[in-house]
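Structure record follows, encoded as structure tokens.
Count residues from 1 along the sequence.
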Amino acid sequence: HNSTMDESNGVDIDKNRRKIAEISKNMREASLEIEEQISLRLDELETKEKRLQELEKKMKERSDSANSKINLNVGGRIFTTSKESLLSLKHTYFSALLQSEFWKPDEDGNYFIDRDPEPFAIILRYLRTGHLDVRELNEIQLEHLLIELDYYQIDFPEDMRPILKQLSEDQLDTLMEWLNGKRIGALLYKTSRDGRAGASFHSKCDDKGPTLVLIQSSEGWIYGGFAGSSWINPNIQQHFAPDGHF
């Protein structure tokens, strides 16, 4: 009788162990499934969070852009631009006015400037891109542009103006092609100021990067050249051809 009971107890223990093992397995599977669902949910939440952040960023950019947008009424023509463009150059008409409390928009929201809109379009493009393109201008239009640049206090090398106004259209085209969108920088050397000696030229112009040279002869002829590399000390035995000349 005892032997039969022992066998029965052993069978029950085995059954219980199998049940426990099965329950444990089911719990592990359920736990893995729950973890997988939680992970998927977290991924979804992270994706939504990123989308919300991107949306908030775009909304802020649009808001900042809208806040910086300025409408200018120049001689009756409306130009829409940004404060950043108008302030791209320092110490100009626009930087003075935009940083002042006295320049206020009209009732229609436009800032009025009583100047010619045609050259202003060229000037605004210059402020936006840094590229002052005068290739399509005739002599009168170029003179008008220089006057407007003066009014807006936008620097243009003074000593280049008399020569620039005498350049032919082909020469202006060549000049703009050389510059390739670059701004004309500071005046490095002027014979009437610095003398005609080669040593003086090289002391002013060596190692200054790309340079533009314009020469007007006593007969009124204009010669020009552009070097895409820096000038070097003439005592160094190294020579290179200019990138362009006329």
Side-chain angles (χ1 to χ4, degrees), residues 57-188 190 210 212 214 216 222 224 226:
K57 182 180 178 181
K58 289 180 180 178
M59 290 175 66
K60 185 177 184 304
E61 289 174 352
R62 290 174 182 173
S63 175
D64 292 343
S65 177
N67 291 334
S68 70
K69 185 176 71 172
I70 292 180
N71 292 326
L72 302 174
N73 180 348
V74 182
R77 180 174 166 185
I78 305 299
F79 295 86
T80 300
T81 186
S82 66
K83 288 182 180 178
E84 287 75 14
S85 293
L86 294 178
L87 297 176
S88 62
L89 297 178
K90 296 180 179 179
H91 311 303
T92 68
Y93 172 93
F94 302 107
S95 59
L97 287 179
L98 287 174
Q99 293 168 6
S100 166
E101 298 180 356
F102 302 104
W103 199 35
K104 302 293 184 181
D106 296 335
E107 293 180 358
D108 56 6
N110 299 326
Y111 289 85
F112 180 70
I113 303 175
D114 191 16
R115 302 297 294 186
D116 191 335
E118 296 302 326
F120 182 78
I122 299 172
I123 292 171
L124 183 56
R125 190 180 309 120
Y126 177 45
L127 294 174
R128 286 169 173 164
T129 66
H131 184 196
L132 183 62
D133 191 348
V134 298
R135 287 175 293 181
E136 302 298 324
L137 304 183
N138 58 37
E139 185 176 346
I140 295 176
Q141 290 171 328
L142 179 58
E143 176 67 25
H144 194 182
L145 176 63
L146 294 177
I147 292 172
E148 294 302 294
L149 285 169
D150 274 338
Y151 179 82
Y152 293 113
Q153 302 173 37
I154 295 175
D155 291 336
F156 195 87
E158 287 289 339
D159 297 276
M160 284 190 59
R161 294 188 182 203
I163 297 179
L164 186 61
K165 288 187 287 186
Q166 297 179 53
L167 294 180
S168 67
E169 291 185 9
D170 288 341
Q171 289 172 331
L172 282 173
D173 286 343
T174 302
L175 181 61
M176 291 300 108
E177 183 179 342
W178 289 346
L179 294 176
N180 192 28
K182 299 182 180 69
R183 297 180 183 179
I184 298 176
L187 179 67
L188 298 175
K190 183 182 179 183
L212 174 68
L214 292 176
Q216 186 175 28
I222 297 175
F226 177 75

Taking side chain to side chain contact (heavy atoms under 4.5 Å, CB included) as the definition, give me every residue that meets it alongside Leu97, ordered by chain and number, with sequence neighbours left out.
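Result, side chain to side chain contact (heavy atoms under 4.5 Å, CB included) vs Leu97: Tyr93, Trp103.
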Side chain to side chain contact (heavy atoms under 4.5 Å, CB included) partners of Asp114, counting only residues at least two apart:
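Result, side chain to side chain contact (heavy atoms under 4.5 Å, CB included) vs Asp114: Phe112.
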Answer yes or no: is there a side-chain heavy-atom contact under 4.5 Å between [X] and [Y]?
X	Y	answer
Leu149	Leu146	yes
Tyr152	Ile123	yes
Arg115	Phe120	no

So which heavy atom on Phe79 is nearest to which on Leu124, and how close?
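Residues Phe79 and Leu124, closest heavy atoms: CD2-CD2, 4.0 Å.
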Could you work out, with salt bridge (charged side-chain N to carboxylate O under 4.0 Å, His left out) as the rule, every residue matching Arg77, not counting sequence neighbours?
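Arg77 satisfies salt bridge (charged side-chain N to carboxylate O under 4.0 Å, His left out) with Glu118 once adjacent residues are dropped.
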How many angstroms lie between [atom1] in [X] and [atom2] in [Y], if you round to the nearest 0.5 Å?
X	Y	atom1	atom2	result
Tyr126	Arg128	OH	CZ	15.0 Å
Thr81	Leu127	OG1	CG	7.5 Å
Ile122	Arg125	CD1	CZ	6.5 Å
Asp116	Leu145	CG	CG	10.5 Å

Picking from [options], what satisfies side-chain contact (heavy atoms from CB on, under 4.5 Å) with [X]?
X	options	answer
Asn110	Leu72, Asn73, Thr80	Asn73
Leu87	Ser68, Ser95, Ser82	Ser95
Phe94	Leu89, Ile70, Ile113	Ile113

